[in-house]
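All ligand and atom numbering here is 1-based and tracks the order in the structure.
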Amino acid sequence: MTEEWRGDRVVMVVPTYNERDNIAWILGRLHDAAPDVDVLVVDDSSPDGTGDLADELALADSRVHVLHRERKGGLGAAYLHGFRWALDAGYDVIGEMDADGSHQPEQLHRLREALPEADLVIGSRWVPGGSVVNWPWHREALSRGGNLYVRLLLGLRVNDATAGYRLFRRQTLEKIELETVRSTGYVFQTDLAVRTSRAGLVVREVPIEFVERIRGDSKMSGAVAVESLRRITGWGARERGAQLRRGVGRGRGAR
Ligand SMILES: Nc1nc2c(ncn2[C@@H]2O[C@H](COP(=O)(O)OP(=O)(O)OP(=O)(O)O)[C@@H](O)[C@H]2O)c(=O)[nH]1
Ligand SMILES: [Mg+2]
């Protein structure tokens with residue numbers, strides 16, 4: 001953490017795909033809880049008309065902005081697009097939040113309060129005080145197992161690296177070379193946590209209560225899970241390879 005703290009202008013990037021039943025509800029809750037925060041909805045031409053509804057909300061409220069993308073390109077791709085827009089627009093703090101109510105706007109203050117001491121704050125399910133409401137046991141097992149895999153394989157000291165309730169300082173996004181990110185699905189979250197930590201920046205987790213969606217359909221798919229496993233294993237193999245080469249190099253030097 002080298003930069004002086006400036007937290008004045010905050011934007012939450014909210015990716016949407018078929019969230020018509022949720023978008024007005026969640027933005028209303030956000031602005032009740034945090035009236036000073038702007039929103040960027042990034043919609044991938046949702047067939048249910050979420051994008052048009054977001055445009056109407058933006059017309060009625062100058063804090064709301066909308067990016068329309070041509071087709072469904074994955075969560076990571078939507079965030080990358082949104083981050084570029086937010087950086088260009090000059091925001092000091094750029095956040096991530098789902099549209100389905102899993103990330104409670106009423107808990108955003110917890111993340112904001114931690115940001116003066118961090119470069120990235122993650123709202124975490126798997127730290128003391130964190131929890132999940134309405135998840136079947138197999139979802140919890142998958143999330144905990146996935147995070148354990150990430151911790152063991154990549155040596156990342158984050159308990160919930162896959163979580164998507166976050167605040168980045170703009171300087172963090174400027175430092176982690178977003179133009180080289182290739183993760184398009186949910187593994188994007190792990191990718192950015194790893195990049196932030198490897199850049200020597202401070203990642204802090206604060207407990208949140210994650211509430212499973214009550215309206216609309218999940219966009220989680222087999223393809224998304226396969227991308228996660230493939231990329232994380234690839235990063236892990238590369239990391240172990242580099243460790244091995246460093247070890248061999250040291251061995252030679254000693255002789
Ligand atoms: N723009 C865009 N948004 C997406 C895409 N995939 C998912 N989203 C949004 O990303 C957020 C998280 O997706 P969810 O479907 O809730 O994923 P999830 O939380 O793992 O699944 P649930 O447990 O069913 O909620 C939601 O706001 C989605 O609308 C995508 O390809 N493009
Ligand atoms: Mg969800």
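Any N or O atom pair closer than 3.5 Å counts here, and Ala78 shares no such pair with ligand 1. For the pair Arg213 and ligand 1, the shortest N or O to N or O distance falls below 3.5 Å. No N or O atom of Asp43 sits closer than 3.5 Å to an N or O atom of ligand 1. No N or O atom of Phe210 sits closer than 3.5 Å to an N or O atom of ligand 1.
Using a 4.0 Å cut-off to heavy atoms of Asp98, the atoms of ligand 1 that qualify are 11 (C), 12 (C), 19 (O), 27 (O). Short contacts between ligand 1 and Ala99, defined as distances under 4.0 Å to a heavy atom of the residue, involve ligand atoms 27 (O). Each of the following atoms of ligand 1 lies closer than 4.0 Å to a heavy atom of Glu19: 26 (C), 27 (O), 28 (C), 29 (O). Near Val42, meaning under 4.0 Å from one of its heavy atoms, ligand 1 places the atoms 1 (N).
A donor-acceptor contact closer than 3.5 angstrom is absent between the side chains of Ser124 and Asn159.
Counting heavy atoms from C-beta on, the side chains of Val158 and Arg151 never come closer than 4.5 Å. Residues Ser102 and Val211 fail the side-chain proximity criterion, which asks for heavy atoms closer than 4.5 Å. Within the 4.5 Å cutoff, the side chain of Trp85 has heavy atoms near those of the Leu40 side chain.
Counting only non-hydrogen atoms, the option in Ser143, Gly74, Ser102 that gets closest to atom 31 (O) of ligand 1 is Gly74. Considering each of Thr16, Leu75, Asp100, the one bringing a non-hydrogen atom nearest atom 2 (C) of ligand 1 is Thr16.
Protein heavy atom in closest approach to atom 17 (O) of ligand 1: Tyr186 OH, 2.9 Å. Remark: minimum distance from atom 15 (O) of ligand 1 to any protein heavy atom is reached at Lys219 N, 2.8 Å. What sits closest to atom 32 (N) of ligand 1 on the protein, heavy atoms only, is Asp44 OD2, 2.8 Å. Counting only heavy atoms of the protein, atom 4 (C) of ligand 1 lies nearest to Tyr17 CB, 4.0 Å. In this structure, atom 9 (C) of ligand 1 lies nearest to the protein heavy atom Pro15 O, 3.4 Å. From the protein, the heavy atom lying nearest to atom 21 (O) of ligand 1 is Ser218 OG, 3.0 Å.
Under the 4.0 Å criterion applied to side-chain N and carboxylate O atoms, Asp21 and Arg213 are not assigned as salt-bridge partners. Asp160 and Arg125 are joined by a salt bridge, as a carboxylate oxygen and a charged side-chain nitrogen come within less than 4.0 angstrom of each other. Salt-bridge annotation for Glu227 and Arg182: absent, with no side-chain N of the basic residue lying under 4.0 Å from a carboxylate O of the acidic one. The residues Asp38 and Arg63 are annotated as not salt-bridged, no charged nitrogen and carboxylate oxygen being separated by less than 4.0 angstrom. A salt bridge links Arg195 with Asp191; the closest basic N to acidic carboxylate O contact falls under 4.0 Å.
Classification of the Phe188-Tyr79 ring pair by plane angle, with boundaries at 30° and 60°, yields parallel.
Restricting Asp100 to its N/O/S atoms, the shortest distance to the Mg ion (ligand 2) is reached by OD2.
Under the 6.0 Å distance and 45° angle rule, Arg215 counts as a cation-pi partner of Trp25.
Of the heavy atoms in Glu212, only side-chain atoms (C-beta onward) come closer than 4.0 Å to ligand 1.
For the ligand labelled ligand 1, residue Arg139 lies inside the 4.0 Å heavy-atom shell.
Distance check for Glu212 against the Mg ion (ligand 2): none of its N/O/S atoms falls below 2.8 Å.
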- Query: Between Phe210 and Tyr165, does a ring pair (Phe, Tyr, Trp, His ring centres under 6.0 Å) hold up when you go through it step by step?
  - Reply: CA-CA 9 Å; Phe210 178 102; Tyr165 200 10; 9.4 Å; no
